[in-house]
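The structure appears below as structure tokens.
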Amino acid sequence: MFEKYVIVPGTLRNTVAEGRSTGYEIGVRMPYYRGLALSMVEDVALTVDGVRALAEATTVTVHGNSYRLTELGAVTDDRWELGEVAVVRVAHPGGLAPGEHDVEVVQRLRISYMPVPGGGRARAVVELSD
Amino acid sequence: MFEKYVIVPGTLRNTVAEGRSTGYEIGVRMPYYRGLALSMVEDVALTVDGVRALAEATTVTVHGNSYRLTELGAVTDDRWELGEVAVVRVAHPGGLAPGEHDVEVVQRLRISYMPVPGGGRARAVVELSD
Amino acid sequence: MGPSPRGTSGHSITRGVSLYSFQEEFFLRTMALRDAVAAAAGMGATDIEIIPEQSIAGFPHVSDAWVAEWHGLMAEFGTRPLAYDFFLDTLLHPHRRLTHEEQVASVRRDIDLAVRLRTPLLRAIISTPAAVLRDAAPYAEAAGVKLLLEVHAPFHYQHPWVLQHLTVMDELDSPALGFMPDLGCFVERFPRVVSDRALREGARPDLVALVVGTYDAHGDTHGLMDTVTYSGGGPVDVALARQATHFTWRDPRSLLEQMHRTHHIQAKFYEMTEDGTEYSIPYDRIVDVLVEGGYRGCLSSEYEGNRHIQDAYPVDSVEQVSRQHAMFERLLQGHEDGRG
Amino acid sequence: MGPSPRGTSGHSITRGVSLYSFQEEFFLRTMALRDAVAAAAGMGATDIEIIPEQSIAGFPHVSDAWVAEWHGLMAEFGTRPLAYDFFLDTLLHPHRRLTHEEQVASVRRDIDLAVRLRTPLLRAIISTPAAVLRDAAPYAEAAGVKLLLEVHAPFHYQHPWVLQHLTVMDELDSPALGFMPDLGCFVERFPRVVSDRALREGARPDLVALVVGTYDAHGDTHGLMDTVTYSGGGPVDVALARQATHFTWRDPRSLLEQMHRTHHIQAKFYEMTEDGTEYSIPYDRIVDVLVEGGYRGCLSSEYEGNRHIQDAYPVDSVEQVSRQHAMFERLLQGHEDGRG
Ligand SMILES: [Mn+2]
Ligand SMILES: [Mn+2]
């Protein structure tokens with residue numbers, strides 16, 4: 001469901017602090033037909049060019065509010081809305097090289113009425129934007 | 001099936017070369033009711049005290065024949081027999097400390113008549129033997 | 001509060017749209033709430049069903065301004081709020097399940113919001129325990145709303161889970177409890193939008209034919225995944241076989257069993273064809289059964305085909321829902337001569 | 001080569017033991033082949049079924065010495081080799097499936113070994129494609145052996161997969177092709193060894209009762225996993241619900257449908273109770289059906305309870321199989337007055 005729309009083209013960028021690339025970020029949608037409290041987002045795992053981002057190095061930002069991926073379980077009072085493009089940031093000193101990158105996003109959602117986890121896997125080649 | 005017998009007590013040992021501990025080994029049985037060509041053993045993943053052994057650092061020895069875990073896929077002419085205690089060795093310089101260790105073994109077997117992978121998970125506290 | 005009988009006509013069935021139908025457009029921001037209500041009204045629907053967790057950013061915090069806009073839209077387009085679909089996030093927290101009291105509180109929260117949105121019917125998701133509806137019923141009764149369990153495939157009125165609900169309904173005999181069948185229980189033919197997508201993803205045509213043929217013959221889907229595996233099928237083929245075990249076909253006459261407790265119907269559909277019929281669900285026979293049973297309520301469109309075609313085709317949910325309403329009109333017309 | 005009728009008796013059914021029954025003891029090296037054959041003979045069984053991949057180290061390379069020992073054991077204990085269970089490792093290689101020709105070659109390899117072991121019947125695992133048996137049949141015919149598809153739960157003679165086999169059997173009309181039902185198709189009651197283990201692993205007693213009750217009433221197990229999830233069940237509860245969808249119950253009279261092609265029977269069982277009956281499979285009615293249908297062949301014990309009790313109890317497969325044979329004797333005795 002909605003796999004095609006999970007990875008948002010044109011949103012892959014390096015993050016920069018004091019003139020240095022500290023990592024990268026990309027816009028990601030949730031593959032589900034309603035919004036969900038962040039406490040039910042069990043994982044948003046990014047893999048770029050075969051290198052999997054550590055959960056500890058990942059943050060998720062929805063409508064301006066940033067959370068560490070590892071701390072989402074406690075966030076019952078904020079939501080990832082339907083179709084909202086969240087910004088997923090990964091601390092990765094040096095950032096990504098210019099050009100195209102193979103991006104994979106695996107999401108695991110805890111949907112109360114499903115006996116198995118929700119979510120899904122999306123993969124796309126994305127060009128690094130400035 | 002047979003989970004209880006997968007990890008063989010009394011078989012956890014450090015491996016030693018030139019007076020130094022180079023890693024550890026443990027006796028493991030396959031949780032299945034027949035023998036299987038090694039090419040169908042997709043994984044034998046050891047985790048000791050929460051540290052997962054790398055596939056690249058793991059070897060499997062059946063009746064005296066040793067194979068790298070990563071190369072088992074090509075071994076169609078040797079088998080892990082029913083109930084046979086294979087020796088699983090992990091390169092881990094320094095080896096394990098004396099005393100008890102929390103050992104987990106996850107096996108994945110490619111069973112042709114099953115739509116999902118076979119194998120299973122076993123866990124036990126095992127004392128390091130001399 | 002219920003739908004009004006049409007005087008001389010032979011049925012008391014109204015037409016509605018669940019905004020669930022426009023999930024593709026909401027997701028991609030190509031339609032807003034106003035567009036959706038306008039579209040529904042444009043096809044002659046009178047009733048609107050809403051999934052607040054889908055349509056209202058910031059849920060469960062809903063501003064008075066939002067509510068005012070909602071009622072403004074209803075007035076502007078001549079529609080009425082009819083149903084509110086609630087979820088019950090029993091697994092809200094990572095390491096513990098909501099307690100019974102927390103679950104009841106969650107339903108009460110939704111009742112409060114339903115009162116503000118003036119939706120007299122609430123969809124209780126099938127996973128809602130019977131004891132939770134039992135203990136929320138008095139609150140619903142006081143609020144003048146109904147909690148209707150959505151009987152969704154693979155469930156039915158003889159299923160152990162639904163029997164627990166029937167026991168509570170029998171004991172409580174509350175006007176606030178009832179059912180809302182989802183017509184996805186009546187998939188007579190395997191939806192071709194699903195098998196076509198599998199083919200696009202590389203499924204083997206002979207295995208697709210096997211899965212579809214077995215389903216369409218209402219054959220034994222037990223062991224269908226194994227059969228596909230034994231035949232050398234890959235993950236896409238096996239996934240299609242798994243889907244065949246998720247659809248269900250049963251006789252639409254089973255709708256008559258609890259008609260006295262049926263106050264709303266979710267008219268699930270996968271594909272309205274160009275000739276104006278649903279490819280897999282026999283709406284003609286279903287409407288006949290509803291009229292025969294004297295159903296007084298809404299047929300609320302629930303389009304769910306988008307997820308099966310979005311990989312390759314543009315999704316036009318408005319066109320799909322419009323076709324369904326043209327079909328509703330045609331089928332209901334046949335009962336408007338007073339013979340119902 | 002087939003079982004010999006008993007002259008004046010009313011049936012032509014022999015008793016056998018599949019060495020599958022002693023998998024626990026073989027696995028743990030507490031019994032060797034000789035012990036197993038001696039045990040089978042000791043309970044009056046005449047026929048031995050072997051799973052070479054389980055019993056013969058070094059398979060598929062089997063020495064003449066091993067074969068000589070095998071026949072020596074048969075002679076010593078007065079038993080005869082009857083059946084050879086083959087597997088078909090279509091997924092032998094990680095990245096490709098065996099070709100059709102390789103699959104046929106695998107079956108031929110097993111036929112060659114069966115000839116050496118003098119087992120006239122081969123169990124073709126249910127996953128064997130019909131085309132593979134079709135193309136191996138002439139070789140089997142020349143070798144004087146039969147390839148018998150093991151019809152295992154959830155399969156049956158109307159199942160699409162088995163229908164493919166029936167088509168081949170009808171077309172080829174070869175004496176080398178037939179069936180070997182596994183009586184695990186006839187699980188009337190949920191095996192308590194399975195539910196008891198779930199309880200030991202922490203399953204919720206009310207959910208165990210729901211799963212077992214639904215199964216025993218032959219109710220709808222569709223949605224049982226969901227029901228357990230909605231009721232707050234954890235992984236052990238959900239796994240038990242999944243198991244309820246793997247067992248099957250059908251009328252033992254369905255055995256009559258292909259009796260003319262039934263040349264062997266795997267007498268699967270989970271628990272022989274102290275009173276000498278199988279807890280979940282109605283062997284009394286099954287034996288009646290077999291006699292009524294004029295079945296000429298073996299009831300070959302297939303004990304599969306060990307995996308469900310080994311976590312907590314000592315496994316005594318010999319005792320379990322002995323009890324089953326005492327039951328066979330009792331039930332067959334009832335038909336030895338010539339009325340069959
Ligand atoms: Mn629905
Ligand atoms: Mn069997």
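So you know, we letter chains A, B, ... as the sequences are listed, proteins then strands, and number each from 1. In what follows, every heavy atom counts, from backbone to side chain, and hydrogens, waters and symmetry copies are set aside.
Heavy atoms of other residues, nucleotides or ligands lying less than 6.0 angstrom from CZ of B/R68 number 12 at most. Open room surrounds CZ on B/R123; 12 or fewer heavy atoms of other groups in view lie less than 6.0 Å from it.
With a 4.5 Å cut-off on non-hydrogen atoms, D/R29 touches chain B through its side chain but not through its backbone. Using a 4.5 Å cut-off between heavy atoms, D/D89 touches chain B through backbone and side chain atoms alike. In this structure, the portions of D/F59 lying under 4.5 Å from any heavy atom of chain B include both its backbone and its side chain. Both the backbone and the side chain of D/L92 have a heavy atom closer than 4.5 Å to some heavy atom of chain B. Contacts of B/E42 with chain D are absent, with no heavy-atom separation under 4.5 Å from either backbone or side chain. Only the backbone of D/I56 comes within contact range of chain B, judged by heavy atoms closer than 4.5 Å.
Between chain B and the options D/H95, D/H93, D/H61, D/H308, the largest number of non-hydrogen pairs under 4.5 Å is found for D/H93. By number of non-hydrogen pairs under 4.5 angstrom with chain B, the leading residue of D/T128, D/I126, D/L28 is D/L28.
Taking the ring axis of D/F87 as reference, the NZ or CZ atom of B/R34 stays within 45° of it and closer than 6.0 Å to the ring centre.
In this pair, B/F2 and D/F27 present their aromatic rings parallel. The plane angle is below 30°, not in the 30 to 60° band.
For the atom pair CD of D/Q310 and CD of B/E3, the computed distance is 6.5 Å after rounding to the nearest 0.5 Å.
Put simply, the side chain of B/S112 gets close to the backbone of D/T90: a donor and an acceptor are under 3.5 Å apart.
Taking 4.5 Å as the limit, some side-chain heavy atom of D/E24 sits within range of a side-chain heavy atom of B/Y5.
Across D/Q23 and B/Y33, no two heavy atoms sit closer than the pair OE1-CB, 3.5 Å. Here the closest heavy-atom approach between residue B/S39 and residue D/P94 is recorded as O-CG, 4.4 Å.
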Q | Pair D/E53-B/Y32, side-chain contact (heavy atoms from CB on, under 4.5 Å): steps then yes or no | A | CA-CA 11 Å; D/E53 301 203 29; B/Y32 193 32; over 6 Å; no

